[in-house]
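Below: one structure, written as structure tokens.
Atoms considered below: every heavy atom in the structure, side chains included; atoms not considered: hydrogens, waters and symmetry mates.
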Amino acid sequence: MTFRPALSTVLGLVLVVSLSLKLPGYMVVVTGVAAAVDEAGVITRDIATVLKRHDFEAEVSQEQVRQEASRSELAWVYGAAGACQVRIAEVSPEGWHRSLVSQLAAGNQLFYTFGGETYSEQPIMRTRTYAYWRKLRRYFGLSTPHRPVLALIAAAGCQNVPLRELAGLAGPAS
């Protein structure tokens with residue numbers, strides 16, 4: 001009969017240890033959500049600042065985008081300098097917004113920036129790998145810089161889009 005209280009005590013200790021190991025990961029995930037929201041606001045302000053520095057009139061807009069099964073919001077930054085009109089948004093590193101952005105860009109120039117470089121198509125493997133690597137590091141409480149994936153739609157005749165500076169917002173590759 002002394003076996004049962006000893007087993008209950010051991011199982012109770014296992015439960016306490018298990019929960020104490022999960023709590024720091026939970027706290028990182030919860031604070032990570034708040035950080036992601038703050039980072040999105042910072043990047044849209046930074047984009048608007050770059051555009052204004054290059055004589056674009058820039059405005060930030062929350063545009064609702066409807067997809068097949070779900071709704072998503074992209075924070076677009078619109079800029080205009082004469083006949084050159086641009087629209088820039090941070091998109092999903094997993095590539096979820098890729099087809100939507102290509103539909104919106106029909107007849108216009110489309111660029112993606114990530115890791116300090118500019119691409120004609122989203123480098124899905126690079127961006128997805130970095131997103132999962134960042135998530136894993138945050139789970140263990142390690143800090144990793146936010147490197148957004150930016151989609152840039154420019155009117156067909158635009159020549160003065162500050163691609164290099166916008167790519168710099170996405171941070172250098174590591």
Count the heavy atoms of every other residue, nucleotide or ligand shown that sit under 6.0 Å from CZ of Arg53, and state whether that count exceeds 12. yes

Does a sphere of radius 6.0 Å around CD in Glu94 hold more than 12 heavy atoms from other residues, nucleotides or ligands, not counting ones at 6.0 Å or beyond? yes

Under the side-chain contact (heavy atoms from CB on, under 4.5 Å) rule, what do Leu150 and Val91 come out as? Steps first, then yes or no, please. CA-CA 6 Å; Leu150 301 180; Val91 294; over 6 Å; no

So, for [X] and [Y], which heavy atoms are closest and what is the spacing to 0.1 Å?
| X | Y | result |
| --- | --- | --- |
| Gly79 | Leu51 | CA-CD1, 4.2 Å |
| Glu117 | Tyr119 | OE1-OH, 3.3 Å |
| Ser102 | Leu110 | CA-CD2, 4.2 Å |
| Val86 | Ala154 | CG1-CB, 3.9 Å |
| Gly107 | Ala156 | O-CB, 3.8 Å |
| Phe114 | Pro148 | CD1-O, 3.8 Å |

Distance in Å, [X] [atom1] paired with [Y] [atom2], rounded so as to fall on 0.5 Å steps:
| X | Y | atom1 | atom2 | answer |
| --- | --- | --- | --- | --- |
| Arg128 | Trp96 | CZ | CH2 | 9.0 Å |
| Thr113 | Gln122 | OG1 | CD | 10.0 Å |
| Lys135 | Phe140 | NZ | CZ | 13.5 Å |
| Leu13 | Ser8 | CG | OG | 11.0 Å |
| Arg98 | Gln103 | CZ | CD | 12.5 Å |
| Cys158 | Phe56 | SG | CZ | 6.0 Å |

Would you call [X] and [Y] a side-chain contact if the rule is heavy atoms closer than 4.5 Å?
| X | Y | result |
| --- | --- | --- |
| Tyr130 | Thr144 | yes |
| Arg87 | Leu104 | yes |
| Tyr132 | Pro93 | no |
| Cys84 | Val161 | yes |

For Phe111 and Leu166, what are the C-alpha separation, side-chain angles and deciding distance, and is it a side-chain contact (heavy atoms from CB on, under 4.5 Å)? CA-CA 11 Å; Phe111 303 100; Leu166 290 167; over 6 Å; no

Any luck finding a side-chain donor-acceptor pair between His146 and Glu90 under 3.5 Å? yes

Using only heavy-atom distances, determine whether the side chains of Glu165 and His54 contain a donor-acceptor pair under 3.5 Å.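 Indeed, the side chains of Glu165 and His54 share at least one donor-acceptor pair under 3.5 Å.
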
Do the side chain of [X] and the main chain of [Y] share a donor and acceptor less than 3.5 angstrom apart?
| X | Y | result |
| --- | --- | --- |
| Thr127 | Ile124 | yes |
| Arg137 | Ser143 | yes |
| Gln109 | Ala155 | yes |

Under the criterion side-chain contact (heavy atoms from CB on, under 4.5 Å), I'd like the reasoning laid out for Trp76 against Thr44: C-alpha separation, chi angles, the key distance, then a yes or no. CA-CA 8 Å; Trp76 288 100; Thr44 54; over 6 Å; no

Stepwise side-chain contact (heavy atoms from CB on, under 4.5 Å) check, Tyr78 with Ile88: CA-CA 7 Å; Tyr78 294 88; Ile88 306 165; over 6 Å; no

